[in-house]
Protein chains: 2
Amino acid sequence: MRYHKIPDETIRRLPVYLRGLLFSSEKGRKNISSLDLAKLLAVNPWQIRKDFSYFGDFGTPGVGYDTEKLIRHIKKILRLDGGHKAALVGVGNLGGALLAYDGFGVFGFEIAAAFDIAPHKIGQKMHEVEIEDVERLATLGERGIGLGIIAVPRAAAQEIAEELVSAGVTGILNFSPVHIDVPKKVKVITIDIAMDLARLPYYMPAG
Amino acid sequence: MRYHKIPDETIRRLPVYLRGLLFSSEKGRKNISSLDLAKLLAVNPWQIRKDFSYFGDFGTPGVGYDTEKLIRHIKKILRLDGGHKAALVGVGNLGGALLAYDGFGVFGFEIAAAFDIAPHKIGQKMHEVEIEDVERLATLGERGIGLGIIAVPRAAAQEIAEELVSAGVTGILNFSPVHIDVPKKVKVITIDIAMDLARLPYYMPAG
DNA sequence: CTATGTGAATTTATTCACAGCA
DNA sequence: TGCTGTGAATAAATTCACATAG
């Protein structure tokens with residue numbers, strides 16, 4: 001199946017596998033079998049093999065997958081190689097937590113700029129990043145920042161999204177609990193924490 | 001199809017519909033058609049009708065769906081009626097942001113307790129909630145808290161999960177970037193922000 | 001005439017089972 | 001012998017098209 005289109009569901013799982021492979025690599029393992037990776041991530045081994053089969057032969061029968069080689073290749077598919085600079089808009093409670101979060105690095109992301117509308121925040125530094133006036137969003141293009149993170153109140157989300165798009169951003173991670181309308185060349189992923197929480201009780205035993 | 005099992009994918013979408021319906025209700029609308037709801041949320045109208053058809057007749061042909069009635073019913077299916085108390089473990093950057101977040105209320109959630117391990121935080125109040133020693137996690141059962149939110153460093157996540165389960169928690173929202181092993185009567189939903197971000201570049205145009 | 005509800009058709013994803021390679 | 005890679009079988013979800021109800 002080497003030359004097939006990779007299914008969306010597989011793309012969704014690739015970062016999961018990447019996490020597992022990076023973890024295994026940190027432990028010094030050169031190879032990992034689909035079974036071991038499956039145990040680590042609590043998924044099915046045949047699902048893993050099928051997913052990997054969509055983009056080539058990386059495993060050695062009897063041995064497993066070459067960890068480093070596979071990491072490099074998954075990063076390449078997801079276009080994580082080369083790194084990405086992101087602009088954070090909205091340095092409130094959530095925005096501040098995102099600035100402090102150290103988990104973006106492993107996937108090659110860096111929050112390279114932060115913006116807010118509150119005058120008393122502008123000019124301050126948080127976690128090595130200086131907070132700028134939202135007016136300066138237009139400068140993103142020339143600064144090589146192609147990715148935006150929206151952490152502003154719901155009412156401002158659509159407007160900020162439009163400004164990000166005007167500035168040349170083509171990918172948006174949206175933490176506001178609203179649908180955002182953008183040209184279809186721009187990809188938006190919305191994370192709505194309360195909504196994820198909302199489907200938890202359905203799966204919980206009575207009580 | 002009234003008596004069928006509701007597909008998991010439908011359950012995943014119900015909170016999305018709920019958001020749209022609540023929004024529409026706030027605007028004072030008594031009814032909404034699948035087409036209008038679809039436009040609001042950027043999904044397909046036939047998907048909405050199919051999803052709703054799994055749990056009964058709520059629409060009136062020529063008119064649409066009764067907003068309030070449908071809201072009540074979706075809440076009932078998701079078991080959001082009656083409300084849920086949650087315990088937050090880990091009041092760091094992310095934990096603090098979660099305490100400050102005001103979006104849980106609409107789905108009937110309340111962060112009723114917060115725990116940390118750092119002595120200087122214990123006893124302090126943040127957003128009306130007093131921070132307690134993690135040692136006191138065992139008291140959750142008798143306090144009627146059945147839901148846990150893990151916002152601690154990765155290395156501590158598994159241990160905290162086990163303590164939550166011992167205390168009687170049956171649902172966990174996990175913000176640590178690791179798989180958590182729990183008895184299968186307990187449902188875990190993991191939100192890994194960096195992992196969601198990681199599939200953004202794949203869908204972005206070259207650059 | 002408008003908008004629902006749903007069988008049927010289609011597409012997509014998962015699971016299996018095993019041939020074949022190191 | 002151990003583990004990959006993949007066709008084939010199964011299952012699930014999406015999309016369509018239209019009969020039917022208000």
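Every value quoted in this text rests on a predicted model; they were computed, and no experiment measured them. Per chain, numbering begins at 1; letters A, B, ... match sequence-line order.
- Within the structure, every side-chain polar atom (N or O) of A/T60 is placed at least 4.0 Å from both OP1 and OP2 of C/dA22.
- Rounded to a whole Å, the CZ atom of A/F52 is 14 Å from the C1' atom of D/dC3.
- For B/E9, the side-chain atoms get nearest to D/dT14 when compared with the rest of D/dT14, C/dT15, C/dA13.
- Residues A/Y17 and A/D51 bring a donor and an acceptor atom of their side chains to less than 3.5 Å of each other.
- Considering only side-chain atoms of B/Y54, the nucleotide from D/dA21, D/dC16, D/dT14 that sits closest is D/dT14.
- What separates CG of B/N31 from P of D/dA21 is a distance of 20 Å, to the nearest Å.
- Checking A/T10 against A/V63, the closest nucleotide of DNA chain C that is more toward the 5' end is the one next to A/T10.
- The OG atom of B/S33 sits 7.0 Å away from the NZ atom of B/K39 when rounded to the nearest 0.5 Å.
- Both A/R49 and A/R12 lie near DNA chain C, and the one whose nearest nucleotide falls closer to the 5' end is A/R12.
- Taking only side-chain nitrogens and oxygens, B/R13 comes nearer than 4.0 Å to OP1 or OP2 of D/dT14.
- Spacing between atom CD1 of A/I11 and atom C1' of C/dA13 amounts to 14 Å, rounded to whole angstrom units.
- Closest approach to the B/P61 side chain among C/dA22, C/dG5, D/dA21 is made by D/dA21 (side chain taken as heavy atoms from C-beta onward).
- Taking atom CG of B/D51 as the reference point, atom C1' of C/dT4 lies 14 Å away to the nearest angstrom.
- Listed pair A/N44 / C/dT15 meets the phosphate criterion, a side-chain N or O lying under 4.0 Å from OP1 or OP2.
- Candidate nucleotides C/dA13, D/dA13, D/dG5 were compared by shortest atom distance to the side chain of A/D57, and D/dG5 ranks first.
- At D/dG22, none of the side-chain N or O atoms of B/Y65 fall inside 4.0 Å of OP1 or OP2 (strictly under the cut-off).
- Rounded to an integer number of Å, the gap from CD of B/Q47 to P of C/dA3 is 20 Å.
- Applying the side chain to side chain contact (heavy atoms under 4.5 Å, CB included) test between B/F115 and each of B/L88, B/I131, B/V134 identifies B/V134 as the sole match.
- A straight line from CH2 of B/W46 to P of C/dA3 spans 16 Å, rounded to a whole angstrom.
- The distance from atom CZ of B/F58 to atom P of C/dT6 is 12 Å, rounded to the nearest whole Å.
- Comparing C/dA13, D/dG5, C/dA3 against the side chain of B/S33 picks out C/dA3 as the nearest.
- Counting to the nearest Å, the C1' atom of C/dT12 and the NZ atom of A/K50 are 12 Å from each other.
- Interatomic distance, CD1 of A/I6 versus CD1 of A/I11, reported as 4.5 Å (0.5 Å rounding).
- Distance check: B/I172 CD1 to A/L197 CG gives 12.0 Å after rounding to the nearest 0.5 Å.
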